[in-house]
Protein chains: 2
Amino acid sequence: MRRGPLETLITGVDTRTSHSQVVDVLGRAIISGEFPVGTILPGDQELALRFKVSRTVLREAMKTLAAKGLIVPRARIGTRVTARNQWNLFDSDILTWHFHNGIDEDFLTHISEVRMAFEPHAAALAAIHATEAEISHMMRLAVAMGDPAHTPESLAVADLRFHLAVAEASANPFMRSVGSLIEAALVGIFKLSSPAADREGIEDVSRNHIRIVEQISRRDEAGARAAMEVVIRVGRARVRVAMDDAPETATG
Amino acid sequence: MRRGPLETLITGVDTRTSHSQVVDVLGRAIISGEFPVGTILPGDQELALRFKVSRTVLREAMKTLAAKGLIVPRARIGTRVTARNQWNLFDSDILTWHFHNGIDEDFLTHISEVRMAFEPHAAALAAIHATEAEISHMMRLAVAMGDPAHTPESLAVADLRFHLAVAEASANPFMRSVGSLIEAALVGIFKLSSPAADREGIEDVSRNHIRIVEQISRRDEAGARAAMEVVIRVGRARVRVAMDDAPETATG
DNA sequence: ACACTCATATTGTCATATGATATGATTTTT
DNA sequence: AAAAATCATATCATATGACAATATGAGTGT
């Protein structure tokens, strides 16, 4: 399985190359507004000095950030931080960086809105295109979510797996591309509060997910769509409650 | 206004840096399957030689492609072309490259599905959040689409402007990020067939778009959603007809 | 006042050398 | 003979120093 923010979060693995370290620090600094939108970054030399890397590494890091739309370099002018609406918000790294500073309720709301637009549609497409093998796979994943032994972490992983499987079954490559978005949303929700806290929560979640697979298996587009909407709505509600209960935990 | 594939297509501007040339050629080669998924690219040195650039430039280009998820480098192994589902399909460049080789009907269908999931939702959100200024702006754009003097190009630009304005009015940054996707879809549709060919086509398009703004202005979420669905459905239908009529034009 | 030239600062490109890492062959050990 | 450890090697990663291209703004001349 690929290494996403959720796995990184859980495993804490951080053995990385010099290049990606610079990318991470610079990326987070830009996202957090430490280098505000519209301003010019320090020059290559100064940044290389500051990060204690060669200009080669620094420039490659800049190209990486430029590819994600965060910055745009111009000769003699400098490298400017681009407007937010040019950032590729569907990029896995950018999403991760967004959550690094702290959890922004507005941002989570926006992600929920996107999921609300996307995933029910994906479920409906899955009802059309899913193979029998994919259906039984999804069912296994949905059932596995009900395991009462789940820790918050393992539940989040199981949750992610299920939603990615649905996206896969939709047979639309764009839906699969939204995987990183789903991942970021689950990380955010998971950091706030996990339904794994109480057994009934787990059972509810599992049951709701199983219902999605049942509708897909029945080839009922509208049913699958509705079932998915319920799941996302529940997740969003949990976020709202958690933020209201303990807004001070939102800094972690 | 920012330089997107649509503008590039029309203006034909191509004054670019050595770096971006390599990125473009390599990117297109990967997307087209010239370097198949899962295979190892030629080494740095050979590629640098082939493109007649320094290894520095080549490596920076590779970092750009890696940032978009197309390739992943590993020491001693080589640089591997990643699986398609790791590609960031919402990246403006990747979308452009997809259309460069020729128009793939499946791909256009997939984009239409995504638009169908996204834009009606964006219209509904716009019905909630749009300011009066935004509404009158959208209305101006919708009316401007009805100008009978439109060339296929100018109509495509007007079309794009409108849909981006709706995304903007949704007040959700992710919706705005989908701009590049909309852009790619319009380029594809526009290359196939333009409603600017006949006056009735133009009037129809304009009328349908005005209806969206009316619903938004009325703060009618469901109405805005439905009106947007109509517009996207019409566009998709035009693509289907064009492909059936003249599949041999699909190579341009 | 206007147009032109030029110094200058910053990114863009180049060439070369060394380090880090993973593979596969080789050697050593059991 | 089998397994483990070692080593050569190929590839990417990093470093360094130099020069080229470019856009700004000051300076110059008309």
Side-chain angles (χ1 to χ4, degrees), chain A residues 2-3 13-27 29-30 35-83 86 93, chain B residues 2-3 11 13-27 29-30 35-82 86 93:
Chain A
R2 92 181 176 73
R3 230 197 69 200
V13 173
D14 199 18
T15 320
R16 290 178 316 190
T17 170
S18 170
H19 167 87
S20 60
Q21 298 230 14
V22 175
V23 171
D24 255 39
V25 174
L26 259 181
I30 291 173
F35 295 115
V37 164
T39 61
I40 305 282
L41 292 184
D44 285 8
Q45 270 184 328
E46 184 186 334
L47 281 179
L49 208 70
R50 192 183 297 185
F51 286 112
K52 294 189 173 64
V53 295
S54 69
R55 187 163 168 250
T56 308
V57 169
L58 185 93
R59 279 184 57 79
E60 288 181 358
M62 300 278 248
K63 289 301 177 191
T64 298
L65 294 175
K68 296 175 187 301
L70 289 182
I71 57 182
V72 55
R74 302 225 305 147
R76 157 68 196 179
I77 306 300
T79 301
R80 187 183 300 276
V81 178
T82 57
Q86 307 238 353
D93 289 327
Chain B
R2 92 181 178 68
R3 229 196 70 199
T11 62
V13 173
D14 199 18
T15 320
R16 289 176 317 189
T17 171
S18 168
H19 166 87
S20 60
Q21 298 231 15
V22 175
V23 170
D24 257 37
V25 174
L26 259 182
I30 291 173
F35 295 115
V37 164
T39 61
I40 305 282
L41 292 184
D44 285 8
Q45 269 184 326
E46 185 187 332
L47 282 178
L49 207 71
R50 193 183 297 186
F51 286 111
K52 293 189 172 65
V53 295
S54 70
R55 188 157 166 263
T56 308
V57 169
L58 184 93
R59 280 184 57 78
E60 288 181 358
M62 300 279 248
K63 290 299 179 191
T64 299
L65 295 175
K68 297 175 185 300
L70 288 182
I71 57 181
V72 56
R74 303 223 307 145
R76 158 66 196 181
I77 307 300
T79 302
R80 187 183 300 277
V81 178
T82 57
Q86 308 238 350
D93 290 327

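Within every chain, numbering begins at 1; the chains are lettered A, B, ... in the order of the sequence lines, protein sequences first and strands thereafter. Below, each value reflects all heavy atoms present in this structure, side chains not excepted, and no hydrogens, waters or symmetry copies.
Within residues 37-46 of chain A, no residue has any heavy atom closer than 4.0 Å to DNA chain D.
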Under 4.0 Å protein heavy-atom contacts per nucleotide of nucleotides 16-28 of chain D, with B for base, S for backbone only and - for none: B-B---BBB----
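Rounded to an integer number of Å, the gap from B/Leu47 CG to D/dA10 P is 18 Å. We find that NZ of B/Lys63 is positioned 11 Å from P of D/dC12, with the value rounded to whole Å.
Under the side-chain contact (heavy atoms from CB on, under 4.5 Å) criterion, A/Ile40 pairs with A/Ile77, A/Arg80, not counting sequence neighbours. When the side-chain contact (heavy atoms from CB on, under 4.5 Å) test is applied to A/Gln45, no partner is found at least two apart in sequence or on another chain. In this structure, A/Ser18 has no side chain to side chain donor-acceptor pair (under 3.5 Å) partners at least two apart in sequence or on a different chain. Residues passing the side-chain contact (heavy atoms from CB on, under 4.5 Å) test with B/Ala75: none are found, sequence neighbours excluded. Considering only residues two or more places apart in sequence or on other chains, A/Asp93 meets the salt bridge (charged side-chain N to carboxylate O under 4.0 Å, His left out) condition with A/Lys68. Residues forming a side chain to side chain donor-acceptor pair (under 3.5 Å) with A/Thr79 (at least two apart in sequence, or on another chain): none. Scored by the salt bridge (charged side-chain N to carboxylate O under 4.0 Å, His left out) test, B/Arg50 finds B/Glu46 as partners (sequence neighbours excluded). With sequence neighbours left out, A/Thr82 forms a side chain to side chain donor-acceptor pair (under 3.5 Å) with A/Trp87. Contacts of B/Asp44 classified as side-chain contact (heavy atoms from CB on, under 4.5 Å), with partners at least two apart in sequence or in another chain: B/Arg55, B/Leu58, B/Arg59, B/Met62.
Between the side chain of B/Ser54 and the backbone N or O of B/Val57, at least one donor-acceptor pair lies under 3.5 Å.
For DNA chain C, the contact window with chain B, defined by any atom under 4.0 Å from a protein heavy atom, covers C/dG12 to C/dT23 in 5' to 3' order.
Annotation: of the two residues near DNA chain D, A/Val57 and B/Met62, the 5′-most nearest-nucleotide partner is B/Met62.
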